[in-house]
Amino acid sequence: MSMVTRFAPSPTGFLHVGGARTAIFSWLLAKHNQARFVLRVEDTDLQRSTPEATQAILDGLTWLGLDWDDLKYQSQRTELHNEFIDRLLDSGQAYWCACSAEEVEAMREKARAEGRKPKYDGCCREKNLGPGKGRVVRLKAPLTGSTDYLDMVKGHISWPNQEMDDMILRRSDGSPTYNLAVVVDDHTMGITHVLRGEDHVANTPRQILIYNALGLTPPAFGHVPMILGPDKKKLSKRHGATSVIEYEKDGILPEAMLNYLARLGWSHGDQEIFSREELIEHFNTEHLGTSAAVFDTAKLHWLNAHYIKEAAPERIAALLLPLLAERGIHTDDIKAIAAVVPLYAPRSKTLVEMADGLDFFLVDDDKLKYDEKAVGKFLKDESKTHLQAIRDGLIALDDFTEETIDNVLTSYLAAHELTFKAIAQPIRVAITGRTNSPGLHETMLGLGREKTIARLDRAMAM
RNA sequence: GUCCCCAUCGUCUAGUGGCCCAGGACGCUGGCCUCUCACGCCGGUAACGCGGGUUCAAACCCCGCUGGGGACGCCA
């Protein structure tokens, strides 16, 4: 039997980093084994599911570079789900229950008060009731023994059957419930390996019970640990960004996110940097971790910085366009941006940082903002005489190259017995408006002679 | 409350009984480089939760404790 894996999100919001990670693991498991990867949108809760959320999830997965061989919507499969419920009813593995939601809640309260597991007490189990208004269908689950399985990541898991009650398969409104739908879908879609979040561990024995009742073989299950915030609590909005798309907005590259998430809870020896291909080549469930992991933005940023340095400048330039527009720089000159990207690639952890760094190259000369403190400190009269001389030297040049620029600077310094330090910051502040920038020669080159001169003029007039 | 799961540097992790008085990476930090800021390079800091076993030998196996997480829906 050939392997098929799946990712089954419920479209009630954006793609969370936790969901993204299980999607990545399932996708990698499939790719590593040349297997099929299917996406099943679990949109049966019509109240909470939205088409926008579905789209957001698909967008998130696409951004990460994940693809799928099949896309299914659970809400369109209820007929199939019901057939299986009927089958269970026919074979006596399921029964009708007339207890109301309130009555069941009372049973749970009672059990809780007595220090037992809160659950349905099985009162209609042997009543042989037929269908009727307000009635649900329940699984006739085993009362004793345990349900065991071998988890791909956690190993042997044993669940006492007494801990589980006769779960509802079909609601009083006739709709199938989650556990039933998942079993039917996984089975009919030929899913062989289910990798999902740890919050599903308790569902697994329940689903196995359904497989057993149906006489079907369950797939292999694996449960990956949760992702925690810096305070070791379940990652949530108060920790900052939790949606992968928010990270895109924050200037994270998808390959950095993919690498980071894949490496969070999984390892391959000491290797930290993984290309998509390496991930596919090395991924296995044996090296999935068993304990929860804290999401560390600093490490994500380190990886992102790495990938920014590796990326083609044109690609980065294109990604910078909207960020520059936000900063009032409306251009679509990819080439011009790409020309200065290499200067900021080693200086940026995110694209946002990069946009903040290199905006001075692109902004109009008269709109360049000067840092007041920097001006006060470095653009004094004495500095301005240096700037004037250098400006004149630059303007007289036949070619504007790193070498000719250097000649102007060094000859001026030599003639006046000055060190480079004496003029570096004044020039920098004059042409960039601030005290930090890439090397002076490359900054001037990146700016071009015209802008360099214009800015020197403007600075001297201050 | 009941059940299930988990436990190595601040963080991500390597480690599957001897190669570990525990390795890598991020972070932090000292230095080098240097026109600023970065990059880069070299160095440092820092962990097997506790207590019992088993064994010639335990981070690795077993038991208990403690601590954390998850589940207990006519949500998914």
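First the proteins, then the strands, lettered A, B, ... as listed; each starts at 1.
With hydrogens and angles ignored, a donor-acceptor pair under 3.5 angstrom links the side chain of N203(A) to the base of A76(B). Side-chain atoms of R347(A) and base atoms of C39(B) include no donor and acceptor less than 3.5 Å apart. With hydrogens and angles ignored, no donor-acceptor pair under 3.5 angstrom links the side chain of E114(A) to the base of G1(B). In this model, no side-chain donor or acceptor of D199(A) finds a partner on the base of G70(B) within 3.5 Å. Taking 3.5 Å as the limit, the base of C12(B) and the side chain of K299(A) contain a donor-acceptor pair of atoms between them.
Comparing the C1' positions of G52(B) and G43(B) gives an interatomic distance of 41 Å, to the nearest angstrom. Using atom C1' as the reference point in both G30(B) and G68(B), the two lie 36 Å apart (nearest Å). One P atom belongs to C65(B), the other to G18(B), and the distance between them is 29 Å to the nearest Å. Comparing the P positions of A25(B) and C6(B) gives an interatomic distance of 29 Å, to the nearest angstrom. For the P atoms, the distance from C61(B) to U8(B) is 13 Å, rounded to whole Å. The separation of A47(B) from C4(B), taken at their P atoms, amounts to 34 Å, rounded to a whole angstrom. To the nearest whole angstrom, the two P atoms, one in C12(B) and one in G51(B), are 24 Å apart. A distance of about 15 Å separates the C1' atoms of A58(B) and C63(B), rounded to the whole Å.
Closest to the side chain of P346(A), out of G24(B), C26(B), C39(B), is C39(B). With C4(B), C74(B), C12(B) as the candidates, the nucleotide lying closest to the side chain of W159(A) is C4(B). In this structure, of G69(B), A76(B), C74(B), it is C74(B) that holds the atom nearest to the side chain of A101(A). Side-chain atoms of Q425(A) lie closest to U36(B) of the nucleotides A76(B), C12(B), U36(B). Here the side chain of E198(A) is nearest to one of A76(B), U11(B), C5(B), namely C5(B). Of all nucleotides listed (U13(B), G40(B), A71(B)), A71(B) comes nearest to the side chain of K117(A). Distances were taken from every side-chain heavy atom of P160(A) (C-beta onward) to each of C74(B), A25(B), C4(B); the shortest belongs to C4(B). Among the nucleotides C39(B), G24(B), G1(B), the one closest to any side-chain atom of D270(A) is G24(B). Listed nucleotides: U36(B), U11(B), A71(B). Nearest to the side chain of R206(A): A71(B). Minimum atom distance to the side chain of V294(A) is reached by C12(B), of the listed C12(B), U36(B), C39(B).
At whole-Å resolution of the value, CD1 in I390(A) and P in C35(B) are 15 Å apart. Regarding I405(A), its CD1 atom lies at a distance of 17 Å from the P atom of C35(B), rounded to whole Å. If you measure from atom CG of L413(A) to atom C1' of C35(B), you get 10 Å, rounded to the nearest angstrom. One interatomic measurement links the two molecules: CZ of F360(A) to C1' of U36(B), which rounds to 11 Å at whole-angstrom precision. When the P atom of A14(B) is taken as reference, atom CZ of F274(A) falls 11 Å away, rounded to whole Å. Computed from coordinates, the K154(A) NZ to C4(B) C1' distance equals 9 Å when rounded to whole Å. Rounding to whole angstrom units, CZ of residue R434(A) and P of A38(B) are separated by 14 Å. With rounding to whole Å, H301(A) atom NE2 is found 17 Å from C12(B) atom P.
Between K119(A) and the phosphate of C3(B), there is no side-chain N or O to OP1/OP2 separation shorter than 4.0 Å. Remark: T12(A) is not in phosphate contact with A76(B), judged by side-chain N or O atoms under 4.0 Å from OP1 or OP2. Considering only side-chain N and O atoms, R108(A) lies under 4.0 angstrom from the phosphate OP1 or OP2 of C74(B). A sub-4.0 Å separation between OP1 or OP2 of C6(B) and a side-chain N or O of T290(A) is absent. Taking 4.0 angstrom as the limit, K232(A) places a side-chain polar atom (N or O) nearer than this to OP1 or OP2 of U11(B). Neither OP1 nor OP2 of C74(B) sits under 4.0 Å from any side-chain N or O of S172(A).
Ring geometry for H282(A) versus H268(A): interplanar angle under 30°, hence parallel rather than tilted (30 to 60°). Aromatic ring orientation, Y412(A) versus H416(A): tilted (interplanar angle from 30° to 60°). A tilted orientation is assigned to the rings of F295(A) and Y247(A), their planes being inclined by 30° to 60°.
Figure legend. A71(B) is base-paired to U2(B); pairs are counted as Watson-Crick or G-U wobble with both atom distances under 3.5 Å.
Glycosidic torsion of C9(B) falls outside 90° of 0, placing the base in anti.
A donor-acceptor pair shorter than 3.5 Å can be found between the side chains of R196(A) and T204(A). At a cut-off of 3.5 Å, with distance as the only test, a side-chain donor of S158(A) or D148(A) sits close to an acceptor on the other residue. Between the side chains of T350(A) and D250(A), no donor-acceptor pair is found at a separation under 3.5 Å.
Positionally, the nearest nucleotide of RNA chain B for H287(A) lies more toward the 5' end than for the other of A424(A) and H287(A). Remark on RNA chain B: of its neighbouring residues E286(A) and K309(A), the 5'-side contact belongs to E286(A), judged by nearest-heavy-atom nucleotide.
The 12-atom threshold is not exceeded at NZ of K349(A), counting heavy atoms of other residues, nucleotides or ligands nearer than 6.0 Å.
Residue Q162(A) is classed as having no contact, given no heavy-atom separation below 4.0 Å to the nucleic acid. The residue S158(A) sits close only to the backbone: its heavy atoms come under 4.0 Å of sugar-phosphate atoms, none of a base.
In this structure, R434(A) fails the cation-pi test against F360(A), since its NZ or CZ atom is not both closer than 6.0 Å to the six-membered ring centre and inside 45 degrees of the ring normal.
Taking CD from E255(A) and CZ from R276(A), the interatomic distance works out to 8.0 Å, rounded to the nearest 0.5 Å.
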